[in-house]
**Q** 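The structure is given below, and queries will be raised subsequently.
Fair warning: this is a prediction, and the values are worked out from it, not measured in the lab.
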Amino acid sequence: KVVLREADGTEIQVSLNTLSERDRKYAILQTPPRIEINVSANTDRDNKGLSMNRGPGAQIQKETVVVEVEINKSSSQPYEAPLRAELYMIGRPEQKDGYVILDKTTTRFQFADESKHAFTSDAVSLQQLEMGQQKGVEYSGYLVVVRDKSRDVVAMKCSKLDYEKNAEAIMAGEKGTMYDGDFEPMGKVQDKQGKQDTKRKPFPGRRF
């Protein structure tokens, strides 16, 4: 049901189905559903030792990470408007105080037929070289957000409180975007052609 307020201030309750199709869709968009987000990260590691001609040996650690996300509608009211889910996989470079977006997965869905939506990230492969001290990038966690048609965030889940506090900065980035320890953008990781994007991007969306 929906509550309508008349010109004199009187409020009446009517069934959602009695409204016109346009008004029904408008009412639905103003009342996004309650959403629960479940996330699991699966990590495979492989360590390989290397002997060096001079000095101590080295060890190469390879890590492959896949993140699975399940989004459930926990409220009973219908919601047929399109939604957008974004998964950000975040890494931390060794020997540096900062962060990098390892991968970004975006999917669009609706709760028209089912009350849940699941998707999986691409596999992200990382490599670290340990020879006295570690060098490389390690997987640090995730941020998952669900946006409505107006791009407002209706649900969020993350592995660390810092990611929630800096969600706007993370959502402004793409795969390869690097940040300092305060989540100020520093550009992007070099691509295969050796080009580097150092353009700073504005933060979209609303404040949390």
**Q** Do any side-chain atoms of residues 10-17 form donor-acceptor pairs under 3.5 angstrom with protein atoms, and if so which ones, sequence neighbours left out?
**A**
unit_1, atom_1, unit_2, atom_2, d
T10, OG1, D8, OD1, 3.0
T10, OG1, D8, OD2, 3.2
E11, OE2, R5, NE, 3.3
E11, OE2, R5, NH2, 2.8
S15, OG, N17, N, 3.3

**Q** Just so I know, are the side chains of M171 and V145 near enough to count as touching, which here means a heavy-atom distance under 4.5 Å?
**A** yes
**Q** Between Y99 and F183, does the ring centre distance come in under 6.0 Å?
**A** yes
**Q** Would a distance-only check, ignoring hydrogens and angles, find a side-chain to backbone donor-acceptor pair under 3.5 Å from E138 to R92?
**A**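 Absent.
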**Q** Taking the side chain as C-beta and beyond, is there a heavy-atom pair between F119 and I71 under 4.5 Å?
**A**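 In contact.
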**Q** With a 4.5 Å heavy-atom cut-off, do K104 and T177 have their side chains touching?
**A**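 With C-beta onward as the side chain, the pair stays apart.
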**Q** Check the pair E36, R34 against salt bridge (charged side-chain N to carboxylate O under 4.0 Å, His left out), reporting the backbone distance first and the verdict last.
**A** CA-CA 7 Å; E36 294 179 355; R34 292 193 303 273; over 6 Å; no
**Q** Going from NZ on K116 to CD1 on I35, what distance comes out if it is rounded to the nearest 0.5 angstrom?
**A**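 Taking NZ in K116 and CD1 in I35, the distance rounds to 15.0 Å.
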**Q** Indicate whether any N or O donor in one side chain lies under 3.5 Å from an N or O acceptor in the other, for N166 and E168.
**A** no
**Q** Once you round to the nearest 0.5 Å, how far does CD1 of I37 lie from NE2 of H117?
**A**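 Spacing of CD1 (I37) from NE2 (H117) equals 11.0 Å.
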**Q** Do V137 and V66 land in one hydrophobic cluster if side-chain heavy atoms of ILVMFWY residues count as linked below 4.5 Å?
**A**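 No; tracing contacts between hydrophobic side chains, which count when under 4.5 Å, never links both residues.
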**Q** Compare all side-chain heavy atoms of Y163 with those of I170 and state whether any distance is below 4.5 angstrom.
**A**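 Contact flag for Y163/I170 side chains = yes.
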**Q** What distance do T18 atom OG1 and R24 atom CZ have between them, rounded to the nearest 0.5 Å?
**A** 11.0 Å
**Q** Are K62 and R45 close enough that some pair of their side-chain heavy atoms sits under 4.5 Å apart?
**A**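 K62 vs R45: side chains apart.
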**Q** Does the side chain of L143 come within less than 4.5 Å of M156's, by heavy atoms?
**A** yes
